[in-house]
There are 2 protein chains.
Amino acid sequence: MDDRCCAPPETALDLRPVEGPDADEELAALTKALGHPARVQILRLLTHRVSCVCGEIVDQLPLAQSTVSQHLKVLKDAGLVRGEIDGPRICYCLEPRTLRRLRALIGGL
Amino acid sequence: MDDRCCAPPETALDLRPVEGPDADEELAALTKALGHPARVQILRLLTHRVSCVCGEIVDQLPLAQSTVSQHLKVLKDAGLVRGEIDGPRICYCLEPRTLRRLRALIGGL
DNA sequence: GCCATTCATCGCCATGTCACGATAGCTGAT
DNA sequence: ATCAGCTATCGTGACATGGCGATGAATGGC
């Protein structure tokens with residue numbers, strides 16, 4: 001249950017600035033991706049189960065499979081989540097690097 | 001220029017939980033409010049000028065006055081910003097309490 | 001090869017967001 | 001009282017988002 005299926009720990013730190021036009025755009029994109037209750041819940045699920053979850057997410061949310069898939073796409077496009085193929089199913093897990101980056105950007109406010 | 005026009009320092013700390021359904025909704029609402037480049041820029045302006053800014057915000061952004069006013073409304077409804085009437089103009093300033101809350105919620109991920 | 005499972009994608013519809021100009025409400029000065 | 005300046009709100013149009021069911025593509029097992 002808690003075997004990880006995707007992540008290399010990825011501990012390199014991010015040296016990009018937390019201010020300026022690029023940072024503003026980046027922060028806006030990340031918060032926009034997070035700006036929906038279902039997506040927050042998905043991220044929360046992924047933080048709680050140490051390892052990656054696949055379509056169990058669908059079972060945990062009161063939404064259709066296609067809707068959940070769209071939300072996952074938003075999170076993936078924002079870089080907050082990564083999906084890797086694991087046999088017939090797909091294994092999603094957090095991208096801690098991006099989460100750290102988000103914290104840094106918000107901290108810069 | 002750096003005379004404050006609204007804020008009582010407001011240092012009471014927020015004891016509400018950073019997880020659970022309510023926290024999810026709250027985080028989604030706050031990040032949604034932040035999820036637009038113009039609104040990030042507005043917040044950034046308000047952090048940089050120590051005091052509150054009023055319609056100078058309009059001058060700093062490449063947007064019409066009505067558009068900026070709408071963005072300010074979004075930020076105000078989310079509690080990230082406060083506006084107080086100051087003579088003929090309106091003085092906006094950050095709500096550091098809400099910003100701290102946002103940091104706490106993101107930290108809870 | 002064939003089927004069942006899993007997930008992504010497509011259309012579709014309803015609703016929300018973003019931008020604008022125009023208008024209305026307040027306030028302080030004349 | 002009137003006028004000028006500042007801001008909020010309204011109405012509108014273009015576009016994005018969120019939700020769903022249906023369809024498609026890939027995989028593992030039979």
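Please read all numbers here as calculations on a predicted model, not as lab measurements. Naming convention: chains lettered A, B, ... in sequence-line order (proteins, then strands); numbering from 1 in each chain.
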Show your reasoning for whether side chain to side chain contact (heavy atoms under 4.5 Å, CB included) applies to Y92(B) and K76(B).
CA-CA 9 Å; Y92(B) 283 98; K76(B) 196 164 51 173; 3.9 Å; yes

### Task
For side chain to side chain donor-acceptor pair (under 3.5 Å), just list the numbers for H48(A) and E19(B), CA-CA rounded to whole Å, side-chain angles, deciding distance to a tenth of an Å, and then say yes or no.
CA-CA 11 Å; H48(A) 278 34; E19(B) 298 198 14; 3.0 Å; yes

Verdict with supporting geometry, L46(B) and L75(B), side chain to side chain contact (heavy atoms under 4.5 Å, CB included):
CA-CA 12 Å; L46(B) 292 177; L75(B) 290 172; 5.9 Å; no

Q: Test V81(B) against E95(B) for side chain to side chain contact (heavy atoms under 4.5 Å, CB included), laying out the working first.
A: CA-CA 5 Å; V81(B) 139; E95(B) 188 75 81; 6.0 Å; no

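Here the P atom of nucleotide dA8(C) and the CG atom of L75(A) are 12 Å apart, to the nearest Å. Atom CD of E56(A) and atom C1' of dT5(C) are 15 Å apart (whole Å). Residue L61(A) contributes atom CG, which lies 13 Å from atom C1' of dG19(D) at whole-angstrom precision. Remark: C1' of dT17(C) and CG of D77(B) are 14 Å apart, rounded to the nearest angstrom. For the pair I85(A) CD1 and dA25(D) P, the interatomic distance rounds to 15 Å; values are reported in whole Å. Taking atom OH of Y92(B) as the reference point, atom P of dC6(D) lies 15 Å away to the nearest angstrom. Straight-line distance from the CG atom of L72(A) to the C1' atom of dT9(C): 14 Å, rounded to whole Å. Residue I90(A) contributes atom CD1, which lies 10 Å from atom P of dT27(D) at whole-angstrom precision.
With contacts defined as side-chain heavy-atom distances shorter than 4.5 Å, the pair Q41(A)/L61(A) qualifies. Looking at Q65(A) and V58(A), their side chains come closer than 4.5 Å, going by heavy atoms from C-beta outward. L63(A) is listed as a side-chain neighbour of H71(A), based on a closest heavy-atom distance under 4.5 Å.
With axes fitted over five pairs at each extremity, the angle between the ends of the helix from dG1(C)-dC30(D) to dT30(C)-dA1(D) is 20° (10° resolution).
No single ILVMFWY cluster, assembled from side-chain heavy atoms under 4.5 Å apart, contains both V74(A) and L109(B).
R89(B) meets the salt bridge (charged side-chain N to carboxylate O under 4.0 Å, His left out) test with no other residue; sequence neighbours excluded. Partners of R16(A) under the salt bridge (charged side-chain N to carboxylate O under 4.0 Å, His left out) rule, at least two apart in sequence or in another chain, are D14(A), E26(A). When the salt bridge (charged side-chain N to carboxylate O under 4.0 Å, His left out) test is applied to K73(B), the partners found at least two apart in sequence or on another chain are D77(B).
When the nucleotides dT9(D), dC7(C), dA8(C) are ranked by their closest atom to the side chain of R89(A), dC7(C) comes out on top. Each of dA19(C), dT7(D), dT9(C) was ranked by its minimum atom distance to the side chain of K73(A); first place goes to dT9(C).
Heavy-atom distances under 4.0 Å link DNA chain C to K32(B), H36(B) of residues 19-37 of chain B, given in residue order.
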Find every protein N or O atom lying less than 3.5 Å from an N or O atom of nucleotides 20-23 of chain C, and list the pairs.
from: dC20(C); atom 1: OP2; to: A64(B); atom 2: N; distance (Å): 2.9
from: dC20(C); atom 1: OP2; to: T67(B); atom 2: OG1; distance (Å): 3.0
from: dG21(C); atom 1: N7; to: S66(B); atom 2: OG; distance (Å): 3.3
from: dG21(C); atom 1: O6; to: S66(B); atom 2: OG; distance (Å): 3.1

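Where H71(A) and P88(A) each meet DNA chain D at their nearest nucleotide, the meeting point lying more 5' is that of H71(A).
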